[in-house]
*Asks:* 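The following block contains the structure, expressed as structure tokens.
All values below come from the heavy atoms of this structure, side chains included, with hydrogens, waters and symmetry mates left out. Order of listing sets the numbers, starting from 1, for every ligand and every atom in it. Start at 1 with the first residue, then count along the sequence.
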Amino acid sequence: MIEIQNVSKRFDSASGEVHALRQVSLTVEKGDIFGVIGFSGAGKSTLVRLVNLLERPSEGRVLVDGTDITTLSKPDLRMLRKNIGMIFQQFNLLQSKSVFQNVAAPLVLNKVPKKDIDKRVKELLHFVELEDKIHTNVSKLSGGQKQRVGIARALATNPSILLCDEATSALDPKTTDSILELLKKINRELNVTILLITHEMHVICDICNKVAVMDNGRVLEQGTVLQVFGNPQHKITRSFVKTVIDDSIPGSLAREILEYQGENRIFRLRFQGNIAGKPLLYRISAEYHMENSILFATVCELQGVVFSVMIVQVFGSAQRLDEVQQFIEDSGVYVEVLHLTGGEEDRND
Ligand SMILES: Nc1ncnc2c1ncn2[C@@H]1O[C@H](COP(=O)(O)OP(=O)(O)OP(=O)(O)O)[C@@H](O)[C@H]1O
């Protein structure tokens with residue numbers, strides 16, 4: 001378990017003090033694949049580097065399995081780093097060395113006997129499906145193969161935590177998917193807790209069970225992927241959601257709606273999981289006798305859960321619309337009233 005408690009991190013730079021992290025708190029439970037998403041400069045790399053003390057917090061505490069790691073002695077810090085593997089966007093391999101030498105490096109550093117190193121490296125290369133490249137120089141490998149070597153090296157000392165710093169950002173989409181599959185296998189079969197940082201929603205949706213959204217050194221929101229992306233509270237979170245599920249009303253449609261003179265309200269509904277099939281609109285017609293029309297609907301899958309967004313226009317008096325809104329809320333569906341101004345959606349961000 002990783003606990004980051006009220007951590008701030010400041011750097012001195014030529015142009016003055018930089019606040020890379022501001023009072024960040026988050027908890028990664030054992031078994032999680034926890035994703036931190038944010039745009040460039042949000043503080044993600046600084047955050048992940050705290051966990052193996054590549055960076056020290058200016059304030060606050062970082063606990064790994066209950067121990068405040070800033071208080072560790074040098075030998076204990078070495079032990080901690082054995083327990084925490086890390087992979088990088090640019091792989092950070094020893095370029096002039098073979099696959100074997102790269103994967104063996106942490107074992108050599110830890111003075112593991114040679115015959116055990118041979119056995120362990122073969123085991124690891126089998127796990128990452130790269131046995132046939134054992135004697136190849138890493139400079140001859142593709143990006144995906146290099147990341148597999150990076151992963152095998154990170155797993156060499158049997159860590160219980162794996163930190164991933166934009167591990168798929170340098171890879172094409174197909175290779176990204178195969179590396180994400182491998183990370184899932186590491187989590188599932190080796191019980192490794194994963195903390196990853198990324199600016200790609202696809203990565204979060206594909207493998208993470210929890211997520212934190214960062215901006216300007218702060219965590220804006222965090223929780224399960226479904227909680228955070230199912231009902232995003234901040235503009236930045238919504239902009240990430242939009243990259244996988246665009247839920248805005250096209251401008252031409254918004255202008256048409258604005259021209260309508262009668263009383264109506266536009267709701268954005270977000271359905272999750274088994275409530276996706278609830279006959280909500282049918283009940284608004286049948287029980288409330290109110291006409292409604294679907295303006296937009298889309299569906300995707302987040303973490304194996306069906307997630308759908310629907311924008312509906314319901315017609316009726318303000319009082320009746322309040323009743324319907326209450327009914328929707330009581331049904332456990334996230335509902336948001338949309339205000340259209342001049343053909344655009346005004347979200348008061
Ligand atoms: N060693 C350093 N010295 C000075 N400033 C730093 C240092 N490391 C990071 N920063 C600054 O801290 C802020 C957060 O950087 P960080 O690399 O953690 O963000 P990020 O979200 O990982 O962005 P990116 O994906 O671009 O790396 C940035 O303004 C960055 O310039």
*Asks:* Tell me which one of Asn216, Val36, Thr46 gets a heavy atom nearest to atom 15 (O) of ligand 1.
*Replies:* Thr46

*Asks:* Could Lys9 and Phe11 be counted as a cation-pi pair, given that NZ or CZ must be under 6.0 Å from the ring centre and within 45° of the axis?
*Replies:* yes

*Asks:* Determine, counting only non-hydrogen atoms of the protein, whether one lies under 4.0 angstrom from atom 31 (O) of ligand 1.
*Replies:* no

*Asks:* With Leu124, which of Lys122, His126, Arg120 fulfils side-chain contact (heavy atoms from CB on, under 4.5 Å)?
*Replies:* Arg120

*Asks:* Heavy atoms of the protein only: does one fall short of 4.0 Å from atom 2 (C) of ligand 1?
*Replies:* yes

*Asks:* Could you tell me whether the side chain of Thr168 reaches within less than 4.5 Å of the side chain of Glu200, counting heavy atoms only?
*Replies:* yes

*Asks:* Can you measure from CG (Asp165) to CZ (Arg49) and round to the nearest 0.5 angstrom?
*Replies:* 7.5 Å

*Asks:* May I ask you to identify the nearest protein heavy atom to atom 12 (O) of ligand 1, giving residue, atom name and distance to one decimal place in Å?
*Replies:* Ala20 CB, 3.4 Å

*Asks:* Among all protein non-hydrogen atoms, which one is nearest to atom 17 (O) of ligand 1, and what is the separation to 0.1 Å?
*Replies:* Ser45 CB, 3.7 Å

*Asks:* Among all protein heavy atoms, pick the one closest to atom 19 (O) of ligand 1 and tell me residue, atom and distance.
*Replies:* Gly43 N, 3.1 Å

*Asks:* Taking the six-membered ring where the residue is Trp, are the ring centres of Phe267 and Tyr334 under 6.0 Å apart?
*Replies:* no

*Asks:* Of the protein's non-hydrogen atoms, which lies at the shortest distance from atom 11 (C) of ligand 1, and what is that distance?
*Replies:* Val18 CG1, 3.7 Å

*Asks:* Is it the case that ligand 1 has an N or O less than 3.5 angstrom from some N or O of Glu55?
*Replies:* no

*Asks:* Among protein heavy atoms, which sits nearest to atom 9 (C) of ligand 1, and what does the distance come to when rounded to 0.1 Å?
*Replies:* Phe11 CE1, 3.5 Å

*Asks:* Is any side-chain heavy atom of Arg320 closer than 4.5 Å to a side-chain heavy atom of Tyr288?
*Replies:* yes

*Asks:* Is the shortest side-chain N to carboxylate O distance from Arg270 to Glu336 below 4.0 Å?
*Replies:* yes

*Asks:* What is the distance from atom CZ of Phe34 to atom CG of Asn187, rounded to the nearest 0.5 Å?
*Replies:* 14.0 Å

*Asks:* Do any nitrogen or oxygen atoms of Ile197 lie less than 3.5 angstrom from nitrogen or oxygen atoms of ligand 1?
*Replies:* no

*Asks:* Answer yes or no: does an N/O atom from Gly41 fall short of 3.5 Å to an N/O atom of ligand 1?
*Replies:* yes

*Asks:* To which protein heavy atom is atom 26 (O) of ligand 1 closest, and what is the distance rounded to 0.1 Å?
*Replies:* Ser40 OG, 2.6 Å

